There are 2 protein chains.
Amino acid sequence: MRHRNDKRATIRDVAKVAGVSPITASRAMQNSGKVRPATRQKVVDAARQLDYIPNLAAGTLATNASHLVAVILPNMSNSIFADTLQSISDSLRDSGYQLLVGYSDNSPELEESLVRTFLSRRADAIVLTGHVHSDQTNALLKSAAIPIVEMWSLNDEPLGACVGISNFDAAYSMTDYLCGKGHQKVGFIGGLLKNNDRTQSRLDGYRAALKAHKLQVDENLIRDVPFEFEDGARAMGELLADNQLDAVFAASDILALGALLECNRRNLRVPEDIAVAGFDDERLAKLIKPSLTTIGVPRRAIGEKVAGVVLAALRGEAETQRVFDMGFSLVERDSA
Amino acid sequence: MRHRNDKRATIRDVAKVAGVSPITASRAMQNSGKVRPATRQKVVDAARQLDYIPNLAAGTLATNASHLVAVILPNMSNSIFADTLQSISDSLRDSGYQLLVGYSDNSPELEESLVRTFLSRRADAIVLTGHVHSDQTNALLKSAAIPIVEMWSLNDEPLGACVGISNFDAAYSMTDYLCGKGHQKVGFIGGLLKNNDRTQSRLDGYRAALKAHKLQVDENLIRDVPFEFEDGARAMGELLADNQLDAVFAASDILALGALLECNRRNLRVPEDIAVAGFDDERLAKLIKPSLTTIGVPRRAIGEKVAGVVLAALRGEAETQRVFDMGFSLVERDSA
DNA sequence: CCTGAAAATGATACCGGTACCATTTTTGCA
DNA sequence: TGCAAAAATGGTACCGGTATCATTTTCAGG
């Protein structure tokens with residue numbers, strides 16, 4: 001119907017064709033139930049005939065509601081976050097919300113600039129990963145007067161709500177488990193400790209568990225590397241070269257898989273020569289040989305809960321709870 | 001400065017504080033160079049003092065430019081797309097564009113609904129994966145009068161521009177390589193053939209190469225499964241159970257890695273007992289043991305080119321070329 | 001058939017930016 | 001120093017929806 005160089009049809013055009021006022025056309029399009037079915041049909045037909053596409057910028061401006069939920073993740077490559085994101089997205093779609101996703105690359109500055117643009121776009125809610133933010137970011141979020149959810153780590157004083165697991169407890173459990181198996185020299189491979197409260201808490205849990213077992217914390221056994229397979233492999237290589245060790249706990253399966261493959265390459269027997277444990281329960285963890293002992297994290301449940309909290313807040317429901325501990329499980333497999 | 005329950009400051013508030021007109025304040029904020037530095041400074045100070053956050057919905061409505069580039073990917077979990085997405089994002093950020101990402105889950109219906117919302121949000125350009133779309137989607141895109149880029153596969157008749165590789169040629173090369181090594185019974189594991197032109201072209205390339213080697217195409221050796229490690233492993237298990245075969249070519253490293261791990265689990269020697277080849281050159285491909293022979297795809301280059309094409313089009317530059325073949329490489333490693 | 005309340009529809013204005021064009025100020029140069 | 005051109009600034013209107021409140025229509029019940 002419309003031709004290439006026509007301007008887009010507006011709600012006024014639709015109204016004219018349908019023979020109603022613009023505001024009635026608007027109500028009909030939103031299916032608000034305030035319009036007689038016959039009228040609605042006329043409007044819908046007119047809209048179809050004109051290839052009408054509503055302009056959400058105008059709608060956002062008028063209603064002060066963008067139907068956008070902004071999500072900030074540390075990176076694109078970790079499939080853990082992808083799963084959570086997917087489940088947030090699935091849970092919000094039916095309510096008419098769309099995700100606006102940004103990646104902070106673990107940089108507080110980048111995170112701040114993302115928050116700024118999300119506020120500019122008038123996101124209806126903002127979901128962040130972790131609770132380490134710049135002061136400016138905290139100030140922006142506090143004055144924003146929209147629902148804020150921090151996910152993946154727990155925090156007694158969240159900006160808004162907070163949905164995650166106790167990274168400390170999980171790491172403590174795993175380290176405790178390794179020590180319980182008789183390992184005395186347990187290494188730790190962490191990812192990007194700076195600005196990453198998840199890894200930081202996991203390291204703390206590791207330290208605490210060693211102490212509980214009256215074992216010395218040897219700083220030489222602790223590695224802080226980027227978050228890729230290669231880095232896990234390299235860190236494992238270094239640990240093996242420089243130290244005698246029984247076991248390694250990696251704060252992410254990506255690193256653990258890299259470490260495991262490095263052991264394979266060196267023909268080390270896992271877990272006989274060295275035990276390897278991970279964190280996240282990535283899909284590959286149970287397929288690799290030997291299968292990887294790791295921490296299972298309810299990543300889809302986290303996403304669903306985040307979406308639930310956001311929706312409740314957007315509906316204006318009074319909050320009953322601000323901190324949601326989604327729990328973890330120790331998944332015992334063959335590698336440790 | 002601003003208090004919790006105040007309304008957001010608008011450009012008029014800023015203008016008032018700065019002692020200029022709203023339009024001057026607007027120009028100052030955009031740093032358009034049309035404002036005297038002293039004036040600009042007054043406005044910037046006022047904005048800071050008021051915690052001014054521009055409303056991009058209003059800006060979009062006024063200028064008919066959202067500074068959003070929409071990207072549709074098949075799924076969130078394939079890190080290949082994540083790399084391309086990252087490089088599109090990096091390349092566009094400096095020009096002030098933000099990505100709006102959607103996942104079609106290989107469903108043309110979902111893709112269509114994504115396109116609809118993206119048009120509603122007045123995305124300045126739309127990037128899609130592949131060239132199989134619903135008729136409605138094609139019509140929507142054609143009448144949208146914004147730059148459209150299809151990526152990852154090549155297409156003589158793209159909607160707008162198209163940046164990718166020849167999936168047919170790449171699969172042909174790999175199959176040819178396998179046959180050249182003397183393999184006679186080569187299986188194929190593909191992901192979601194329906195609605196996925198990449199996998200479909202790869203299958204075509206595989207068939208053509210077999211024919212060129214005067215080998216029978218055995219439909220029993222062709223598996224169409226979802227795109228996860230587990231599915232690759234299961235498909236490999238089935239192929240091994242039902243057939244005698246020398247080699248397997250998987251249309252994605254995810255599937256190939258699953259297949260390889262299944263071989264490991266069965267203590268089959270790769271490549272002696274069976275050769276395995278993949279497609280994509282995922283990060284794990286060179287770490288796994290044996291390392292995976294695969295097709296290297298310039299995924300970052302694809303993203304950069306996509307961004308370049310989009311930017312050129314948005315700047316109104318005349319197109320010199322519509323189809324960009326970014327090439328591939330056959331990465332020979334240990335598994336085949 | 002009439003009446004009053006409820007339902008449906010409409011007129012107007014507004015959301016918060018910026019385009020367009022008019023006006024004022026500054027600047028370069030004779 | 002004066003003047004034309006360029007630069008800076010401002011007034012008004014508009015982008016395309018919808019909130020608000022007023023008005024008209026519908027409908028149940030007497």
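Note that the coordinates shown come from a computational prediction; the quantities given were computed from them, not determined experimentally. Within every chain, numbering begins at 1; the chains are lettered A, B, ... in the order of the sequence lines, protein sequences first and strands thereafter.
Ring orientation note: the planes of B:F81 and B:W152 are nearly perpendicular, at an angle over 60° on the 30°/60° scale.
Closest to the A:S21 side chain, of the nucleotides D:dG11, C:dG10, D:dG17, is C:dG10. Closest contact between the side chain of A:T39 and the listed nucleotides D:dG10, D:dG16, C:dT9 involves C:dT9. Each of D:dA19, D:dG17, D:dT26 was ranked by its minimum atom distance to the side chain of A:R36; first place goes to D:dT26. Comparing C:dG16, C:dG10, C:dC20 against the side chain of B:R27 picks out C:dC20 as the nearest. Nearest nucleotide to the side chain of A:T24, out of C:dT9, D:dT9, D:dG16: C:dT9.
Taking atom CZ of A:R40 as the reference point, atom P of C:dA7 lies 19 Å away to the nearest angstrom. In this structure, B:R122 places its CZ atom 8 Å from P of D:dG16, rounding to the nearest Å. Here C:dC15 presents its P atom at 14 Å from CG of B:L61, a figure rounded to the nearest Å. Atom NZ in A:K16 sits roughly 14 Å away from atom P in C:dG10 (whole-Å rounding). Atom CG of B:N31 and atom P of D:dA8 are 13 Å apart (whole Å). Distance CG (B:N55) to P (D:dG16): 16 Å, rounded to an integer number of Å. Counting to the nearest Å, the P atom of C:dG17 and the NE2 atom of B:H67 are 14 Å from each other. For the pair A:K34 NZ and C:dA6 P, the computed distance is 12 Å after rounding to whole Å.
When the shell of 6.0 Å around CG of A:D156 is examined, it contains 12 or fewer heavy atoms from other residues, nucleotides or ligands. Other residues, nucleotides and ligands place more than 12 heavy atoms under 6.0 Å from the CD atom of B:E317. The environment of A:D135 atom CG is sparse: at most 12 non-hydrogen atoms of other residues, nucleotides or ligands sit within 6.0 angstrom.
Between B:I23 and A:P22, the residue whose closest nucleotide on DNA chain C is further toward the 5' end is A:P22. Mapped onto DNA chain D by nearest heavy atom, B:A25 and A:T63 fall at different nucleotides, with B:A25 at the one closer to the 5' end.
A donor and an acceptor atom sit less than 3.5 Å apart, one in the side chain of A:R12 and one in the base of D:dG17.
Under 4.0 angstrom from either OP1 or OP2 of D:dG16 there lies no side-chain N or O belonging to A:T10. B:T60 has no side-chain polar atom (N or O) that falls below the 4.0 Å cut-off from OP1 or OP2 of C:dG17.
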*Is there a side-chain hydrogen bond (donor to acceptor under 3.5 Å, both in side chains) between B:Q41 and B:D45 once you walk through the steps?*
CA-CA 6 Å; B:Q41 195 55 51; B:D45 291 346; 3.0 Å; yes
